[in-house]
Amino acid sequence: MATPLLGQRVKRKEDPRLIQGRGHYVDDIQLPGMLHMAFTRSLHAHARIGSIRVAAAKAAPGVVAVYTGQDIQGQLGWVPCAAGIEGLKVPRHSCLAIDKVCYVGEPVAAVVAASGYAARDAADLIEVDYEPLPAVVNPEKALAKESPVIHEELGDNVAFVAKLAGGDCASLEADKTLKVIKARFINQRLAPVSMETRGVVANYSPGEDLLTVWSSTQVPHILKTQLAIMNSLDEARCRVIAPEVGGGFGSKLNVYGEEGMACLASRRLGRPVKWIEGRRENLQATIHGRDQINELEVYVRPDGKVVGLKCSIIADLGAYHQLLTPAIPTLTALMILGCYNIPNVFVQTTGVFTNKMATDAYRGAGRPEATYIIERVMDLVAHELNMDPVDVRMKNFPSPDDFPLALPTGVTYDTANYQRSLKKVLKAAGYSRLRKEQERLRKKGKYLGIGLSTYVEICAMGPSSRMPAGGWEFGEVRIDPTGKVTVLSGTSPHGQGEETSFAQIVADGLGIPYDDVTVYHGDTFQVPMGIGTFGSRTTAVGGTAIYQAMGRLKKKMARIAAHQLGVKPGELVFRDRRIETEDGQKSIGFAEVVAEAIFAKQLPPGIDPGLHEHSVFEPSNYTFPFGAHVAVVEVDGETGEIRLRNYYAVDDCGRVLNPMLVDGQIHGGVAQAVGQALWEELVYDENGQLITGSLMDYAVPKAHQFCWFETQNTETRTPVNPLGVKGVGEAGTIGATPAVVNAVVDALKPFGVRHIDMPLKPEKIWRILKQGVRN
Amino acid sequence: MIPQSFEYHAPRTVAEASSLLARLGSDGKILAGGHSLVPMMKLRLAAPKHIVDIGRIAELAHIREEDGTIQIGALATHFNIESSPLLKDRCPLLVETAREIGDVQVRNRGTIGGSLAHADPAADWPAAILALGGEILAVSARGERRIPARDFFLDVMTSALEFDEILTAIRVPALPARGGDAYLKLHHPASGFAVVGVAARVLLNAQGAVQEAAVGITGVAPKAYRATGVEAALRGKSPSARHIEAAASHAADGIEVNSDLYASADYRRHLAAIYTRRALERAAERAAAS
């Protein structure tokens with residue numbers, strides 16, 4: 001393989017096992033004496049629990065134990081919330097409901113049995129007496145005085161109100177030269193739907209006094225700390241392993257009651273306990289995403305320059321807080337200005353309890369909402385001022401020389417060139433040609449739509465001062481006596497491909513073959529500390545920690561080599577399995593230096609034996625990837641059906657370590673974003689019943705629904721980390737949704753359409769077309 | 001996603017299966033490709049005590065033509081039909097319908113017999129079999145009977161089959177001279193089932209006028225149906241755009257139209273007319289070109 005590896009389409013280390021079906025997931029774990037757990041879940045959105053009759057379940061074949069909320073009270077800690085928001089109300093959140101249930105799917109009882117079948121059958125035998133209470137599922141209704149209160153002890157359904165202000169919006173109201181544009185957008189509730197559902201195996205070994213937990217998680221170290229607290233164990237007595245994890249999209253950046261219950265059951269029974277989530281449970285009781293109502297006032301100069309933005313965010317948090325529930329909408333406020341330096345901003349975010357499953361981080365986590373708001377706003381400005389959406393954006397972009405750019409929202413963007421990515425995507429799409437085609441087709445009664453999105457996101461999370469549990473990351477590089485290299489990371493990739501990119505970093509840096517590098521992550525006994533994989537941080541923060549640890553190791557190896565070669569360490573380079581002077585005159589094999597370092601026969605004074613170094617990287621700022629997307633859609637004028645005809649994306653995630661991994665992230669991200677724009681929607685009825693509770697009703701995107709995506713990159717490196725990488729895990733999901741909606745609204749411009757709420761189902765479009773024809 | 005427990009039987013012949021079903025009565029349930037029944041069992045919406053797996057009965061997997069009639073064994077998978085050279089030539093409507101079903105995995109395992117017996121009101125086959133005026137062969141310990149397609153679909157998930165009957169084959173007429181057909185469908189984005197699916201067959205007479213039009217519609221009503229109003233309106237007329245459009249406007253006449261989260265009754269009624277028009281146009285074009 002040619003060097004350097006960085007920047008090349010190096011094939012993924014993960015793929016041979018994954019595409020051959022050899023991935024080892026939680027459900028593949030079989031332990032002697034293992035028991036299986038199933039849950040009885042609430043059928044009501046809001047009800048008091050009367051008696052729970054468990055005798056039949058306990059007597060059922062194979063059943064070992066049955067637990068209710070009463071049985072675990074005081075024995076197992078609350079489900080944790082780590083979000084730090086001033087004045088936040090945090091309801092007590094038991095792993096099993098105690099007095100009352102607050103959403104459909106809330107766990108009420110757990111059955112542990114000899115097989116998954118026996119556990120499921122017995123869980124269905126449990127009878128719960130419910131006294132139904134009025135449910136509230138609409139967050140605006142939940143704010144009304146007459147609304148039922150979900151947590152009586154908290155007074156009302158308002159979990160928090162947060163305000164973010166910069167500049168002076170009030171002064172704009174008096175300025176009569178400004179145009180005021182008002183809008184209301186609904187960002188619907190979504191399900192993350194990872195391919196692998198949640199799953200956990202807890203194994204408490206009384207002899208070792210050790211609780212080992214395998215969980216399908218993105219954050220094994222955070223989970224270890226939290227499970228230790230919930231189970232009143234010292235952290236040294238708790239080991240968490242994330243085996244192969246089949247996707248998470250943020251839904252496994254969490255600590256769930258079911259994980260707590262598996263631990264409690266294993267501790268009580270002294271046997272391993274497995275729980276594997278079903279798909280129906282996954283849709284009902286794994287965190288949901290988005291669910292905001294946005295009311296906007298935008299102040300615009302006649303030339304298209306936006307000078308002020310006011311936004312009210314009503315965030316539907318669901319019934320309880322999961323790990324980061326209330327923090328998600330605050331990211332929307334933080335990123336609401338997008339790529340535009342709008343000097344005056346005011347955002348009020350109201351987090352509201354409703355009788356639904358908790359919302360939390362879903363790919364993009366607050367930033368897709370922000371991008372949707374500001375990118376729809378830019379198109380509304382274009383619409384109102386009869387300008388081209390390209391011109392409005394160009395008018396409002398900061399200059400590339402303005403960076404680092406401090407915004408009135410309090411964030412400082414690192415580096416960007418928004419003009420360049422927009423121009424590049426317009427060229428790729430043939431924008432002016434498309435506009436002419438659109439004109440031609442309109443005359444024939446055909447509706448082509450062209451939609452833009454120029455986005456910026458906040459990722460590589462992040463500085464510890466801004467993160468609830470620290471934002472650093474741990475990396476370790478060690479070299480074994482055979483000269484093979486082991487890399488440990490505190491991150492926990494679950495499909496993104498960092499086993500590959502981390503190995504590229506290390507193989508290049510040490511001048512050794514890619515195949516000589518093995519990357520480990522996800523086991524708290526292997527990796528002493530870590531934060532995890534989320535917020536597009538794994539390469540930018542975790543990769544940098546590895547890069548720095550490798551740097552320390554190289555220093556040490558260079559000193560040993562220099563001692564042998566009689567040169568200065570600074571004169572040496574690492575290449576082709578050798579450590580040598582630039583001119584190659586003085587040279588020693590990599591393996592020889594490794595042997596010397598470990599067998600320690602002639603080490604220079606002051607050098608300890610061994611080759612292992614670690615580093616904890618603390619980023620000084622977030623990074624701010626950006627990009628420009630163009631969606632082209634055709635709308636069927638008779639039926640309202642939408643076909644995505646072309647998709648063009650130019651993304652800038654800083655330095656690209658492996659273009660194939662970047663493409664993969666963009667493709668998947670765009671598909672999920674299009675899913676939100678066109679198909680996906682979790683719907684609860686007014687009684688709080690989830691009516692899109694299976695994949696027969698909840699429309700995840702499928703490959704055959706897509707055209708090919710034309711993707712390109714620009715590279716604007718960040719100074720925030722030495723690799724210059726920004727992060728790409730969420731960019732597609734953040735950037736693409738408004739491009740598609742803008743395209744459909746653009747297609748329907750002849751009908752006077754200003755906005756349509758997602759998902760853009762054909763019937764909605766048909767109704768608009770029908771009205772237009774009548775007009 | 002764990003089904004309730006059941007007894008499993010795997011008979012090797014139709015006779016063996018029939019006697020099993022006779023014995024089991026309403027406790028028995030036939031399993032073919034497992035792509036309708038198994039999902040319902042996993043959701044515990046169906047909990048049969050006995051599963052009679054007919055998947056090993058080799059005689060049920062044929063596709064053949066006898067005297068202008070196509071006979072398809074119940075175990076023919078959607079993929080078998082989609083990829084059959086005989087059907088591509090002699091009954092292309094079936095090939096076109098098969099292509100629109102589910103995804104590759106579903107088509108590879110799911111069977112035509114299983115789908116018809118399940119009588120899902122949004123399944124694709126009922127529209128095609130109705131439009132073709134097919135008949136369904138049902139065998140039980142009591143003997144064999146032939147059920148015309150128009151009498152087969154009774155209501156949501158309810159067919160004319162008795163508990164002890166096995167759907168063994170489907171018989172449809174091959175495409176005659178001056179005939180053309182088409183199947184068009186709006187897919188539900190989650191399930192892939194038909195929000196509306198229209199199968200049309202048009203026969204032209206020597207003068208190029210419509211001798212016979214047949215339209216089967218699925219997804220619109222509690223059961224798939226023949227749009228007789230459309231057929232009557234087009235009979236004897238030239239297949240002009242105007243005539244087809246006028247005829248297609250009767251697509252949901254007198255029909256109790258479904259309404260759900262994805263498509264209201266109004267919208268479905270509209271879609272039925274549009275898709276009927278488009279399917280008839282295509283079928284008529286093909287008939288004219290044949």
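Computed from a prediction, not measured in an experiment: that's the story for all the values here. Letters A, B, ... mirror the listed sequences (proteins, then strands); counts begin at 1.
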[X] atom [atom1]: more than 12 heavy-atom contacts under 6.0 Å:
| X | atom1 | answer |
| --- | --- | --- |
| A:Phe709 | CZ | yes |
| B:Arg282 | CZ | no |
| B:Glu245 | CD | no |
| B:Arg109 | CZ | no |

**Item:** Min side-chain heavy-atom separation B:Lys42-A:Arg279 under 4.5 Å
**Value:** no

For [X], is it the side chain, the backbone, both or neither that has a heavy atom under 4.5 Å from a heavy atom of chain B?
| X | answer |
| --- | --- |
| A:Asp121 | both |
| A:Tyr117 | both |
| A:Gln705 | side chain |
| A:Pro762 | both |
| A:Asp685 | neither |

**Message:** Check whether B:His270 reaches the backbone of A:Glu638 with its side chain - one donor and one acceptor, N or O, closer than 3.5 Å.
**Reply:** yes

**Message:** Under a 3.5 Å threshold, yes or no: a donor from one side chain and an acceptor from the other, between B:Ser264 and A:Arg767?
**Reply:** yes

Provide the closest heavy-atom pair for [X] versus [Y] in the form atom of the first, atom of the second, distance.
| X | Y | result |
| --- | --- | --- |
| A:Trp679 | B:Pro189 | CD1-CB, 3.5 Å |
| A:Met696 | B:Phe193 | CE-CE1, 3.5 Å |
| B:Ile2 | A:Gly116 | CD1-O, 3.7 Å |
| B:Leu261 | A:Lys761 | O-NZ, 2.8 Å |
| A:Thr639 | B:Tyr267 | O-OH, 2.5 Å |
| A:Arg280 | B:Leu43 | NH2-O, 3.3 Å |

**Complete:** Most contact-rich option vs chain B, by heavy-atom pairs under 4.5 angstrom, among A:Glu680, A:Glu641, A:Glu277, A:Glu763, is A:Glu763

**Prompt:** Do you know which of A:Leu678, A:Val700, A:Thr692, A:Val683 has the most heavy-atom pairs with chain B at a distance under 4.5 angstrom?
**Reply:** A:Val683

**Prompt:** Where on B:Tyr275 is there a heavy atom nearer than 4.5 Å to chain A: the side chain, the backbone, both, or neither?
**Reply:** side chain

**Asked** Using non-hydrogen atoms only, which part of B:His188 is less than 4.5 Å away from chain A: side chain, backbone, both, or neither?
**Response** side chain

**Complete:** When rounded to the nearest 0.5 Å, the distance separating CG of A:Asp124 from CD of B:Gln4 is 6.5 Å

**Asked** Under a 4.0 Å N-O cut-off, is there an ion pair linking A:Lys770 with B:Asp266?
**Response** no

**Asked** When you look at A:Lys702 and B:Asp103, which way does the side chain to side chain contact (heavy atoms under 4.5 Å, CB included) test go after all the steps?
**Response** CA-CA 10 Å; A:Lys702 294 158 195 78; B:Asp103 51 32; over 6 Å; no

